[in-house]
Amino acid sequence: MTENIIELQNVDTIYEGEKIPAIHNINLKVRYGEFITIIGPNGAGKTTLLETINGLIPYTSGTGHVFGKEIKKHKMDIRKNIGYVIQNFDIDPLAPFLCKDIVMTGRAGKIGLFRFATKRDWELVRHNMDIVGMKGFAERPIGKLSGGEFQKILLARALSQEPKLLLLDEPFSNLDLSARRKMEKLLTKIHDEKNITIVMVSHDLNFIPQRCSRVVVLDKGRIIMDDRRENILTSDMITTIFHKEESRV
Amino acid sequence: MIELPLAILITSVLGSILAGFVCSTMGVFVVRMNLSSIGYCMSHAAFAGAAFGLMISFDPLLSAILFSFGTALILGPLAEKARLESNVVIGFLFSIMIALAFIFLNFIPGQAASGTALRILWGNIFSVGYNDLILLGILSATLIMFITVFYKEILSIMFHRKLADATGINTKAFYFAVLFFTGFAVSLSLRLVGGLLVFALIVNPTSTAYQFFYDFKKIIISSPLIGIGSCLIGFWLSMAANFPIGASIVVVSAIVFAISVAVSPKRKKKRKKDVKIN
Ligand SMILES: Nc1ncnc2c1ncn2[C@@H]1O[C@H](COP(=O)(O)OP(=O)(O)O)[C@@H](O)[C@H]1O
Ligand SMILES: [Mg+2]
């Protein structure tokens with residue numbers, strides 16, 4: 001096994017029915033234990049990149065490995081150890097699910113077919129709801145949460161999977177400034193205590209967690225920079241990309 | 001009130017209970033997985049299939065199942081990818097199935113043609129036979145086992161299919177299992193409720209259950225109970241007032257649904273909140 005948890009070589013991903021690849025010529029190596037942020041304007045291909053890593057969207061050329069295993073061939077297997085917090089989506093306010101059950105669904109794949117959740121599984125659920133600060137919410141309907149609370153439940157869900165790799169798609173998008181700070185602290189704590197590799201996606205240049213040492217910049221489906229956080233934040237290129245983005249909006 | 005021999009009464013009551021159970025259990029899946037239009041299409045395909053069977057003197061149940069499975073096989077992959085053309089194909093198949101059903105009905109041989117035709121159109125409690133009861137019983141037991149054994153996978157898929165996929169669940173297998181169980185449920189209930197109305201028995205009880213609970217467990221238990229209740233009351237109503245059985249079951253389930261929307265605690269809270277905001 002290599003020391004890289006993720007290895008993508010010359011990867012292109014084209015959506016079915018499209019001609020132009022959503023991500024193109026991606027070369028990305030992530031070491032075990034790293035905490036990296038992928039930034040880029042809307043439509044840059046960040047979500048596509050994350051879903052290429054966990055095999056939800058098959059890449060169309062190049063090679064990709066996670067945990068040293070070829071992604072397409074072993075996708076069912078590797079997914080059991082990848083926690084995915086999906087980009088914010090609207091949940092039906094009347095959705096018939098309690099928070100604790102949603103957190104438990106994170107473990108469904110790992111527990112495996114024909115097996116039932118045990119006491120230990122429920123303990124993990126409770127433990128992870130505690131960690132994200134949603135202790136009292138076990139019996140609450142999932143549709144009745146604020147955006148930030150929902151985000152935290154989705155994070156607890158991914159953590160209850162006991163993943164080796166955590167993929168976070170815009171985890172700060174629905175949070176106000178103080179909630180963002182708390183979320184950052186939380187991610188730092190998770191990174192410290194659980195020895196999880198974190199790959200986070202953000203379209204907001206101003207919010208890259210302190211803990212994150214490496215930043216990858218994605219624009220129009222290509223990686224245009226991959227460097228230490230300080231170097232990225234002070235580069236000229238970044239301001240032009242994101243300045244363009246802001247003036248367009 | 002129509003007087004029935006005991007044996008027929010028992011068969012009819014059991015038939016109502018089992019059909020109510022299988023349809024409104026599948027409803028929980030169909031409603032939450034947005035399979036309403038595909039299920040609607042499948043139940044009309046089952047109707048056309050039954051008519052086809054009667055026309056060529058083939059087992060109408062088997063041909064109903066074959067037709068609805070065929071529809072599931074065509075529509076399933078399209079709807080799964082949420083392709084734009086899936087709505088077009090659904091509309092196309094739906095109208096074609098109804099048209100075919102009426103053509104087949106027209107050509108059912110023999111003197112009893114119009115009676116038979118009306119029976120699968122409106123449903124008829126007396127056409128529920130011993131075989132139907134056995135098959136409905138087997139399907140009910142299978143569904144209970146399916147839900148018990150795969151409860152955590154089902155819950156995960158119902159919440160968010162992509163996230164379920166991302167944790168290593170084979171959601172495609174479950175998706176098609178749900179479609180095929182729905183095909184069985186509508187085909188087996190066709191004789192009781194009738195081809196035009198069977199889908200209402202899938203949707204109404206479940207939609208009623210969704211008005212009351214936030215806990216999926218409670219929904220998966222209460223939806224079949226509401227379905228069974230609607231079928232039994234509908235059965236009684238059809239005996240008492242000499243209504244067609246299918247229509248009275250559907251009317252009962254629709255009234256129950258309407259009342260539940262009016263008294264729904266879920267909606268009430270929401271309304272209050274809306275007022276506050278305004
Ligand atoms: N399901 C899809 N089918 C076709 N094109 C898509 C699909 N999803 C995203 N795209 C396209 O791929 C590009 C990258 O999208 P995405 O990865 O969602 O960007 P980001 O997450 O950075 O905002 C965009 O141009 C988008 O329009
Ligand atoms: Mg995105």
Side-chain angles (χ1 to χ4, degrees), chain A residues 15-17 47 50-51 53-57 74-87 89 91-117 121 139-144 153-154 157-158 160-163 167 169, chain B residues 28-29 31-32 34 77 80-85 145-146 148-174 206-223 261 264-271 273-274:
Chain A
Y15 281 99
E16 221 181 303
T47 301
L50 287 188
E51 296 192 349
I53 291 172
N54 65 13
L56 283 178
I57 311 168
H74 300 279
K75 64 180 181 206
M76 283 307 188
D77 191 21
I78 62 172
R79 281 177 193 168
K80 289 176 184 164
N81 290 307
I82 303 178
Y84 182 35
V85 176
I86 203 164
Q87 192 163 0
F89 63 95
I91 177 126
D92 170 13
L94 302 183
F97 306 103
L98 304 178
C99 290
K100 62 171 186 194
D101 289 328
I102 295 307
V103 176
M104 179 56 94
T105 64
R107 289 195 66 70
K110 195 139 191 171
I111 294 170
L113 286 173
F114 302 107
R115 287 165 195 274
F116 297 94
D121 293 312
E139 307 288 333
R140 284 283 238 355
I142 189 82
K144 301 264 156 170
I153 287 292
L154 291 184
R157 179 190 170 282
S160 76
Q161 197 180 337
E162 298 180 294
L167 305 177
D169 201 346
Chain B
V28 175
F29 296 88
V31 168
R32 181 69 208 168
N34 282 330
E80 193 191 13
K81 298 213 161 126
R83 292 273 189 77
L84 201 60
E85 63 259 32
M145 245 162 58
F146 174 72
T148 317
V149 171
F150 298 115
Y151 185 73
K152 66 182 192 309
E153 283 83 7
I154 289 169
L155 194 77
S156 182
I157 293 167
M158 298 275 145
F159 169 58
H160 199 281
R161 183 157 170 202
K162 193 185 236 178
L163 278 176
D165 258 320
T167 43
I169 294 171
N170 184 353
T171 65
K172 202 181 198 123
F174 282 93
T206 299
S207 308
T208 305
Y210 275 114
Q211 300 307 314
F212 291 98
F213 303 112
Y214 285 109
D215 186 347
F216 191 70
K217 212 170 253 162
K218 289 180 184 159
I219 286 184
I220 205 125
I221 291 169
S222 64
S223 172
V261 170
S264 163
K266 276 175 143 180
R267 289 185 186 275
K268 228 176 251 162
K269 259 183 227 153
K270 214 174 133 205
R271 253 181 257 130
K273 231 187 231 165
D274 287 348

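Here is how names work: the chains are called A, B, and so on, in the same order as the sequence lines, proteins then strands, and each is numbered from 1.
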Between [X] and chain B, with a heavy-atom cut-off of 4.5 Å, which part of the residue counts as in contact: side chain, backbone, both or neither?
X      : value
A:D77  : neither
A:L154 : side chain
A:L167 : neither

> Are any non-hydrogen side-chain atoms of B:F216 and B:Y151 less than 4.5 angstrom apart?
Replying inline: yes

> Quick one: does A:E51's side chain get under 4.5 Å of A:Q87's, heavy atoms only?
Replying inline: no

> Is it the backbone or the side chain of B:L155 that comes under 4.5 Å from a heavy atom of chain A, or both, or neither?
Replying inline: both

> If contact means a heavy atom pair closer than 4.5 Å, which residues of residues 164-171 of chain B contact chain A?
Replying inline: B:A164, B:D165, B:A166, B:T167, B:G168, B:I169, B:N170

If you compare all heavy atoms of [X] against all heavy atoms of [Y], which two are closest, and at what distance to 0.1 Å?
X      : Y      : result
A:A158 : A:V85  : CB-CG2, 3.8 Å
B:F213 : B:K266 : O-NZ, 2.6 Å
B:E153 : A:L113 : OE2-CD2, 3.6 Å

>> Within this structure, what is the OG-OH distance for the pair B:S223 and B:Y210, rounded to the nearest 0.5 Å?
In response: 8.0 Å

> From B:I219 CD1 over to B:Q211 CD, what is the distance, rounded to the nearest 0.5 angstrom?
Replying inline: 9.5 Å

> If you tally heavy-atom pairs under 4.5 Å against chain A, which of B:M158, B:K217, B:H160, B:K218 wins?
Replying inline: B:H160

> Where do A:Y84 and A:Q161 land on the side-chain hydrogen bond (donor to acceptor under 3.5 Å, both in side chains) test, with the steps shown first?
Replying inline: CA-CA 10 Å; A:Y84 182 35; A:Q161 197 180 337; over 6 Å; no

Which donor-acceptor pairs under 3.5 Å do the side chains of residues 93-109 of chain A make with protein atoms, sequence neighbours left out?
| from | atom 1 | to | atom 2 | distance (Å) |
| --- | --- | --- | --- | --- |
| A:K100 | NZ | A:E139 | OE2 | 3.0 |
| A:T105 | OG1 | A:I102 | O | 2.5 |
| A:T105 | OG1 | A:R157 | NE | 3.0 |
| A:R107 | NE | A:D121 | OD1 | 2.7 |
| A:R107 | NH1 | A:S160 | O | 2.5 |
| A:R107 | NH1 | A:E162 | OE1 | 3.3 |
| A:R107 | NH2 | A:D121 | OD1 | 3.2 |

> Which one, A:I91, A:I86, A:N54, leads in non-hydrogen pairs under 4.5 Å with chain B?
Replying inline: A:I86

